[in-house]
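Basis for what follows: all heavy atoms, side chains included, without hydrogens, waters or symmetry-related copies. Predicted model, so just to flag it, every value in this text is computed and none were measured.
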Amino acid sequence: MTVPGGLADAGRARHALHGEGSIWVEKNCYVDVWIELLHALRLEPHACLPFVFAIDFEGDQWTFFKPPLAELRTLYGIDVQELTVWRPLADHAAEHLTAGRLLAVEVDAHWLPDTAGTDYRQAHAKTTIVLNEFDRAARRLGYFHNAGYFTLDGDDFDALFDNAPPLPPYAELIRIDRAHARPDAELRALSARLLAQHLAFGPRDNPLRRFQARFDADQPGLREHGLAHYHRYAFAGIRQFGAAYELGAQYLRWSGAEPGGTAAAAFERIAQHAKTLILKAARSVNSGRPLDAAALFDEMAAAWDAGMAALAVR
């Protein structure tokens, strides 16, 4: 069973948002899979990105940013609903993929071959994939994950579908039968209205300053608990705001909402400094030596103020 439309086209290059020149090639599993799925549907992923401007430091993590489902319907005509997993996941896959619907499912990256070198057969981590090609007899699955399209089979297939966990996974039903590509001007206008809404709901003060205080307080514990703990901390924090603000810069350049490019350049600086911070902090944890990150935070906080001020003027 496979969803029609050539979504698994092996010759299709991944979207420019996942280009090798990106500061953060992979953002988080949910937004990454939507970028590539929209790209495969020949829809413009940039249009759904205004939500990144509403991310905030939540206390022990940054917002795990993801496209609001209502906005996917507004922009592209794609309807997403939670799937009640009341029977074996394989039965749901057969039912819905045969009918031309996709399934987004939270699975254990331990069984995903595309995570070789990190989680595959080494660690257990929750991640989201979109099922596309499903062959139960051959024990084979084609799926979107992170920045690409992959296949798995054999024991990995059995682990995902036949060795059911005690709790059913969270899954979403993606209906694409009404998906449509809007004219470019119309799409940009709709997206601009979403941008205004997300900016209005964004942080009330500079979230980089709040994160700086927490990061400084967390440093002794990070060095004490070691690199494995730090990598989880960094994903929930530094990677999330770094990748989000890079997407924000890319969105502004696509949208034409900010002709001077001041805000886009400011948010790109945050993304670059975040990449520096995540690497320097890893070296600090590994060596046991404290990290003085004040200069980096000063740069990022100033860039956030400049970027938001430029958008407020527009």
Side-chain angles (χ1 to χ4, degrees), residues 7 12-55 63 65-78 80 144 146-149 176 179-202 239-275 300 303-304 306-314:
L7 299 187
R12 179 183 56 83
R14 62 187 181 184
H15 192 269
L17 290 170
H18 287 137
E20 292 298 334
S22 298
I23 301 167
W24 302 90
V25 176
E26 292 183 354
K27 289 58 170 165
N28 67 48
C29 64
Y30 196 83
V31 74
D32 283 331
V33 82
W34 270 107
I35 288 170
E36 290 305 319
L37 179 55
L38 290 170
H39 179 43
L41 291 167
R42 294 168 176 77
L43 301 171
E44 178 49 74
H46 282 94
C48 75
L49 296 179
F51 62 89
V52 300
F53 293 101
I55 69 162
T63 307
F65 56 96
K66 41 200 314 192
L69 302 184
E71 295 178 13
L72 294 174
R73 181 189 288 180
T74 297
L75 292 166
Y76 310 112
I78 294 175
V80 184
F144 291 91
N146 288 335
Y149 189 86
I176 59 174
H180 57 277
R182 296 181 181 276
D184 184 68
E186 180 184 347
L187 184 66
R188 290 173 193 266
L190 277 174
S191 184
R193 288 199 285 273
L194 297 176
L195 173 62
Q197 294 170 16
H198 285 290
L199 286 171
F201 203 73
R239 172 178 286 274
Q240 291 310 295
F241 78 80
Y245 288 127
E246 182 182 21
L247 286 177
Q250 292 166 316
Y251 169 79
L252 291 173
R253 293 187 177 115
W254 167 82
S255 69
E258 197 236 346
T262 301
F267 292 122
E268 191 168 73
R269 286 198 300 275
I270 297 175
Q272 291 168 336
H273 290 315
K275 194 64 170 286
M300 291 189 292
W304 190 90
M308 288 300 178
L311 289 181
V313 170
R314 293 303 305 173

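- Note that the SG atom of Cys48 and the CG atom of Leu187 stand 9.5 Å from one another [nearest 0.5 Å].
- Across every non-hydrogen atom of Val52 and Phe65, the tightest pair is CG1-CD1, 4.2 Å.
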For Arg193 and Glu71, run salt bridge (charged side-chain N to carboxylate O under 4.0 Å, His left out): C-alpha distance rounded to whole Å, both residues' side-chain angles, the deciding distance at 0.1 Å, then the answer. CA-CA 11 Å; Arg193 288 199 285 273; Glu71 295 178 13; over 6 Å; no
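- In this structure the side chain of His46 never reaches within 4.5 angstrom of the side chain of Arg188, judged on heavy atoms.
- Going from atom CG of Asp32 over to atom NZ of Lys66 covers 13.0 Å, rounded to the nearest 0.5 Å.
- Summarising the geometry of Tyr76 relative to Ala47, their closest heavy-atom pair is OH-CB, 3.6 Å, with the distance given to 0.1 Å.
- Nearest approach of Leu247 to Leu49, heavy atoms of both residues: O-CD1, 4.0 Å.
- A donor-acceptor pair is defined here as one N or O able to donate and one able to accept, closer than 3.5 Å; such a pair exists between the side chain of Trp24 and the backbone of Ala271.
- At least one side-chain heavy atom of Leu17 sits under 4.5 Å from a side-chain heavy atom of Pro45.
- Within a 6.0 Å radius of CZ in Arg73, no more than 12 heavy atoms belonging to other residues, nucleotides or ligands are found.
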I'd like to know whether Leu43 forms a side-chain contact (heavy atoms from CB on, under 4.5 Å) with Ile78, so could you lay out the CA-CA distance, the side-chain angles of the two residues, the decisive distance to 0.1 Å, and finally the verdict. CA-CA 11 Å; Leu43 301 171; Ile78 294 175; 3.9 Å; yes
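- Using the six-membered ring where Trp is involved, His39 and His15 have ring planes that are perpendicular, over 60° apart on the 30 and 60° scheme.
- Atoms CD1 and CD, on Ile23 and Glu246 in that order, are 4.5 Å from each other to the nearest 0.5 Å.
- Listed here is the closest heavy atom pair of Tyr251 and Ala192: OH-N, 3.9 Å.
- Considering only heavy atoms from C-beta on, Phe144 comes within 4.5 Å of Leu7 through its side chain.
- Between Leu195 and Leu252, the shortest heavy-atom contact is CD2-CD2, 4.5 Å.
- Within the 3.5 Å criterion, the main-chain N or O of Gly261 finds no donor-acceptor partner in the side chain of Arg253.
- Arg239 pairs by the salt bridge (Lys or Arg N to Asp or Glu O under 4.0 Å) definition with nothing, not counting sequence neighbours.
- To the nearest 0.5 Å, atoms CZ (Arg182) and CG (Leu75) are separated by 7.0 Å.
- Inter-residue side-chain proximity for Lys27 and Ser22 is flagged as met; some heavy-atom pair is nearer than 4.5 Å.
- Within the 4.5 Å cutoff, side-chain heavy atoms of His198 are placed close to those of Pro68.
- In terms of heavy atoms, Gly307 sits closest to Ala263 at O-CB, 3.5 Å.
- Glu26 contributes atom CD, which lies 4.0 Å from atom CG of Asn146 (distance to the nearest 0.5 angstrom).
- Taken to the nearest 0.5 Å, the CG atom of Leu41 stands 12.5 Å off from the NE2 atom of His180.
- Classified by interplanar angle (parallel below 30°, tilted 30° to 60°, perpendicular above 60°), the ring pair Tyr245/Phe267 is parallel.
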